[in-house]
Amino acid sequence: MTFETTLHNLSFEKLKVMEENGVNRISVGIQTFSNRGRKLLNRTYDKDYVVERLKEIKKDFLDLFV
């Protein structure tokens with residue numbers, strides 16, 4: 001099952017609830033990694049933060065399945 005979310009709404013607790021309810025794929029709505037594009041789209045975080053946060057989410061989510 002896939003769950004669609006935004007970066008700023010995702011926490012470890014939410015990942016755990018998703019895993020407990022059969023979610024095995026997450027779609028995080030990142031429209032662009034371009035800092036210029038992110039500014040134009042009024043996004044909260046810059047590219048570096050987004051990349052690091054996605055790495056954390058991937059690790060946390062995969063660790064739940066071990």
Side-chain angles (χ1 to χ4, degrees):
M1 179 178 358
T2 299
F3 189 87
E4 191 165 333
T5 185
T6 59
L7 188 63
H8 66 275
N9 284 326
L10 201 51
S11 66
F12 180 77
E13 292 77 19
K14 289 180 182 178
L15 288 173
K16 187 161 176 52
V17 169
M18 286 184 233
E19 185 269 335
E20 290 168 353
N21 289 282
V23 174
N24 59 11
R25 181 177 179 274
I26 300 171
S27 175
V28 181
I30 306 293
Q31 282 72 30
T32 181
F33 286 96
S34 159
N35 282 329
R36 182 173 176 262
R38 295 190 63 73
K39 186 174 181 176
L40 286 170
L41 294 170
N42 201 28
R43 296 299 181 244
T44 307
Y45 309 112
D46 70 3
K47 177 188 108 177
D48 294 333
Y49 178 85
V50 170
V51 170
E52 288 307 309
R53 184 68 182 116
L54 288 172
K55 287 178 185 177
E56 291 171 9
I57 290 166
K58 180 180 177 184
K59 180 189 177 306
D60 288 345
F61 191 68
L62 292 177
D63 284 350
L64 289 171
F65 288 96
V66 176

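Heavy-atom basis, side chains included; hydrogens, waters and symmetry copies ignored. Positions are given from 1 along the sequence. Quick caveat, the model's predicted, so the values are computed rather than measured.
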Return the [atom1] to [atom2] distance between [X] and [Y], rounded to the nearest 0.5 Å.
X   : Y   : atom1 : atom2 : value
N24 : M18 : CG    : CE    : 12.0 Å
T32 : K39 : OG1   : NZ    : 14.5 Å
T5  : I57 : OG1   : CD1   : 8.0 Å
I26 : M1  : CD1   : CE    : 12.0 Å
D60 : K55 : CG    : NZ    : 14.0 Å
R38 : Y45 : CZ    : OH    : 9.5 Å

query = So, do L54 and F33 sit near enough that their side-chain heavy atoms are less than 4.5 Å apart?
reply =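 Counting from C-beta outward, L54 and F33 do come under 4.5 Å.
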ask   = Hey, does Y49 have a side-chain heavy atom less than 4.5 Å from the side chain of T44?
value =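 A side-chain contact under 4.5 Å is absent here.
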query = Can you get from I30 to L40 by hopping between Ile, Leu, Val, Met, Phe, Trp and Tyr side chains that sit under 4.5 Å apart?
reply =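 No, it is not one cluster - the side chains of I30 and L40 are not joined through contacts under 4.5 Å.
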request  = Following the transitive rule for hydrophobic clusters with a side-chain heavy-atom cut-off under 4.5 Å over Ile, Leu, Val, Met, Phe, Trp and Tyr, establish whether F12 and V17 coincide in one cluster.
outcome  =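 Different clusters.
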query = Which atom pair, heavy atoms only, marks the closest approach of R53 to L7?
reply =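 Heavy atoms of R53 and L7 come nearest at CG-CD1, 3.3 Å.
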key: E20 atom CD, neighbour heavy-atom count above 12 within 6.0 Å   =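 Result for CD/E20: enclosed.
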inquiry  = Between N35 and K47 (side chain of the first, backbone of the second, donor and acceptor by atom type, cut-off under 3.5 Å), is there such a pair?
reply    =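 Yes; judged by distance alone, with no hydrogens or angles, the pair exists.
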query = Would you say the side-chain atoms of R43 pair up with the backbone N or O of L41, donor to acceptor, closer than 3.5 Å?
reply =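 Flag set: sc R43 to bb L41 pair under 3.5 Å.
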